[in-house]
Every structure is written in structure tokens, then in C-alpha cells.
Amino acid sequence: MNQNETSAVPPLQVQSVVKRFHQGENVIAALDGIDLTVQAGELVAIMGASGSGKSTLLHAMTGLTEIDSGTVRVDGEDLSQFSDYELTRFRGRKIGLVFQSFNLIPTLTAEDNIRLPATETSGLEARVGTLLERLGMTARRLHKPDALSGGEQQRIAIARALVTDPAIVLADEPTGSLDSVSGQEICRLLRELSSEQRRTIVIVTHEPHVAMWADRVVVLKDGKNLSEFCPSGNYDPQEIANRYQSELNAAGVPA
Ligand SMILES: Nc1ncnc2c1ncn2[C@@H]1O[C@H](COP(=O)(O)OP(=O)(O)OP(=O)(O)O)[C@@H](O)[C@H]1O
Ligand SMILES: [Mg+2]
């Protein structure tokens, strides 16, 4: 395959994905025919009300959640064709995931949590050191998660997702526990990864201050694509809040 053919394959391609959860007699369609394609170097923000399917979509894109129908392709590979073992290895090579609930290992220090997904030891210590520094966590590197604040735990979860230098970063409300200065620093870091290193980044967020960094904002409602829009690039949170609200209004969603 030559270089052009390789770059023509979108790193992330979600087509008509359906995911239902069964609880007793109730069936919840968390994803109800979602489509999403993200190109290399693109930063996409996903917005939508609580329960609209944002986290389920991120998990489906990693293969951590098994889908009922549709296709998820990562770098052109259909995830449903992998065995569990192959999927785990593939995910580890390609994707850095920041969970909404952090999922840090309580018995490990902050820096050991960051090192955990790395299989490549060459240059690892330098990468861990750079991430700790960039995220303002160097002084806390030997603390275990229960001795860290929520925002500090969140920054460690972000460093862990980035330590393998993944081509794709999926982040579920990565600034939800952070003050605005730390939150903007995370956004700047993710923006650099996409603009300068052509990483593919998807951020789930409720915050216009975060979504304003995106190339494209995708709005979900009830497990479906509601609409999408492109921020002007003026980094204006009010503009994003207004656009988001007008997309909801146009779809008849009560304010
Ligand atoms: N494991 C599960 N079992 C049953 N229902 C689930 C499960 N996970 C998610 N759901 C349901 O699927 C829907 C979508 O959930 P999801 O977590 O994707 O929403 P979300 O958009 O990320 O919300 P939030 O903004 O609150 O994080 C919700 O109605 C939720 O209750
Ligand atoms: Mg969620």
C-alpha cells in the first residue's frame, strides 16, 4: 500500500451502529444508528444531553462495548473480526482512552498508573516525565490515586492515555473535574496533538470552553446523530453555546 492509499483510510469510521442495553423488560437503545467518520489530524467534540449515548459511542469505538449491529472500523480494520486477544493488542497499539470515571489502579502510584499501558520501554521514562511536567503533576508522581484530588486523578488518566503516543485519542469529559486553567491546558495539548502530529482526537464534553477547540462538533440525541457544526476557530465559548442551543432548538428539543 502506498502512502496515499494509507492516508485515505479514515482512522475512525462508525457506520449505522446500534447498541441496546437490556434491563429486565426494558430495552434502552443507547446507540440507535450512529454514524461518525473522523480523519487524521481532526479534533471532534461530541456533545449531547446526559444519557444521549456519548460514552457508549466512545466505548464502541474501542471495541470495549460489543455492538448489536453496524460497523466500527479503526484504521480500516473492522473491530468485529478480531478475537478478544487481538482486539486488546490492536486497541493498545492504536488508541489512548480517557475514561469518564478515570479507572486508575488504586494500589499503584500516579507514575506507575501512567506507565501501565506502555509495552515499549525505550524512551518511556522520558515520556512519563514530559507528561507529568506538562500536566503539572511532577510533584504528585509518587502519590496513589486516593491521595490525589479528582482533577489530579483526571490528569493522570490523561497522561496514561497519551503515554503510548497513540494515533487515536478518545477522551470522555477529560476536563470535567478540572479548574478552567488546567482544563484549557489539556485542550491546548490535545489540539497540538491533532494539528501538529495529525493525531485523531475525539472529546466528549458538555463544556463550550472545550468544544471551541474542535474542528467539528457532533451533537447526539437519544443515541442518534442530531446534527453537527464547525466552530469558527475564534475560540469563543459563547459562540459554541449559541450554536449548540440553536441545533437543539431546530430539532425541537426543549431548552
Ligand atoms: N451498562 C449499561 N446498562 C444499562 N444501560 C446502560 C448501560 N450503560 C449505559 N446505559 C444507558 O444508555 C444510555 C446512554 O448512556 P451513556 O453513558 O452513553 O450516556 P452519556 O451521553 O455518556 O451520558 P453522560 O453525559 O451522563 O455521561 C443511558 O440511557 C444509560 O442509562
Ligand atoms: Mg458519559
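We count ligands from 1, going down the list as the structure has it; atoms in each ligand are counted the same way.
Gln184 and His209 share no side-chain donor-acceptor pair at under 3.5 Å. With hydrogens and angles left out, the side-chain atoms of Gln153 and Ser177 include no donor and acceptor closer than 3.5 Å.
A salt bridge links Asp215 to Arg191: at least one charged side-chain nitrogen sits closer than 4.0 Å to a carboxylate oxygen. Using a 4.0 Å cut-off between charged nitrogen and carboxylate oxygen, Arg243 and Glu239 do not count as a salt-bridge pair. Using a cut-off of 4.0 Å between Lys/Arg side-chain N and Asp/Glu carboxylate O, Glu192 and Arg134 are scored as salt-bridged.
Between Val38 and Leu36, some side-chain heavy-atom pair lies under the 4.5 Å cut-off. Contact of the Met212 side chain with the Pro231 side chain is not registered, since no non-hydrogen atoms from C-beta on lie closer than 4.5 Å.
Checking each of Asp35, Val219, Asp32 against Asn225 for a side chain to side chain contact (heavy atoms under 4.5 Å, CB included) leaves exactly one that passes, namely Asp35.
A single hydrophobic cluster is not seen to contain both Ile46 and Leu248; linkage of ILVMFWY side chains at heavy-atom distances under 4.5 Å, directly or through other members, places them apart.
Listed by first and then second residue, the side-chain hydrogen bond (donor to acceptor under 3.5 Å, both in side chains) pairs involving residues 12-26 are Gln15-Arg73 (not counting sequence neighbours).
Distances from atom 31 (O) of ligand 1 to the protein include no heavy-atom value under 4.0 Å.
Proximity to Ala49 (heavy-atom distance under 4.0 Å) selects the following atoms of ligand 1: 21 (O). Listed by atom number, the atoms of ligand 1 under 4.0 Å from His206 heavy atoms are 25 (O). For ligand 1, the atoms sitting less than 4.0 Å from at least one non-hydrogen atom of Gln100 are 27 (O), numbered in the order shown with element in parentheses.
Counting only heavy atoms of the protein, atom 18 (O) of ligand 1 lies nearest to Thr56 OG1, 2.5 Å. The protein heavy atom nearest to atom 1 (N) of ligand 1 is Phe21 CE2, 3.6 Å. Of the protein's non-hydrogen atoms, the one nearest atom 25 (O) of ligand 1 is Lys54 NZ, 2.7 Å. Nearest non-hydrogen protein atom to atom 26 (O) of ligand 1 is Ser50 OG, 2.5 Å.
Considering backbone and side-chain atoms alike, Gly51 places an N or O below 3.5 Å from some N or O of ligand 1.
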If you look only at distance, which donor and acceptor atoms sit under 3.5 Å apart when one is on a side chain in residues 74-88 and the other is two or more places apart or in another chain?
unit_1, atom_1, unit_2, atom_2, d
Asp75, OD2, Lys94, NZ, 2.7
Asp78, OD1, Ser80, N, 2.9
Asp78, OD1, Ser80, OG, 2.9
Asp78, OD2, Ser80, OG, 3.4
Ser83, OG, Glu86, N, 3.1
Ser83, OG, Glu86, OE1, 3.4
Tyr85, OH, Arg89, NH1, 3.4
Glu86, OE1, Ser83, N, 2.8
Thr88, OG1, Asp84, O, 2.8

Would you mind writing out the side-chain donor-acceptor pairs for residues 55-62 within the sub-3.5 Å range, not counting sequence neighbours?
unit_1, atom_1, unit_2, atom_2, d
Ser55, OG, Gln100, OE1, 2.8
Ser55, OG, Asp172, OD2, 2.6
Thr62, OG1, His59, O, 2.7
Thr62, OG1, Leu64, N, 3.0

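At least one heavy atom of Glu173 sits closer than 4.0 Å to an atom of ligand 1. Heavy atoms of His22 come nearer than 4.0 angstrom to ligand 1 in no pair at all. Note on ligand 1: Gly48 sits outside its first shell, no heavy atom being nearer than 4.0 Å.
Around the Mg ion (ligand 2), the protein N, O or S atoms found under 2.8 Å comprise Ser55 OG, Gln100 OE1.
Residue nearest to atom 17 (O) of ligand 1, selected from Ala30, Ser101, Ser55, Gly223: Ser55 (by heavy-atom distance).
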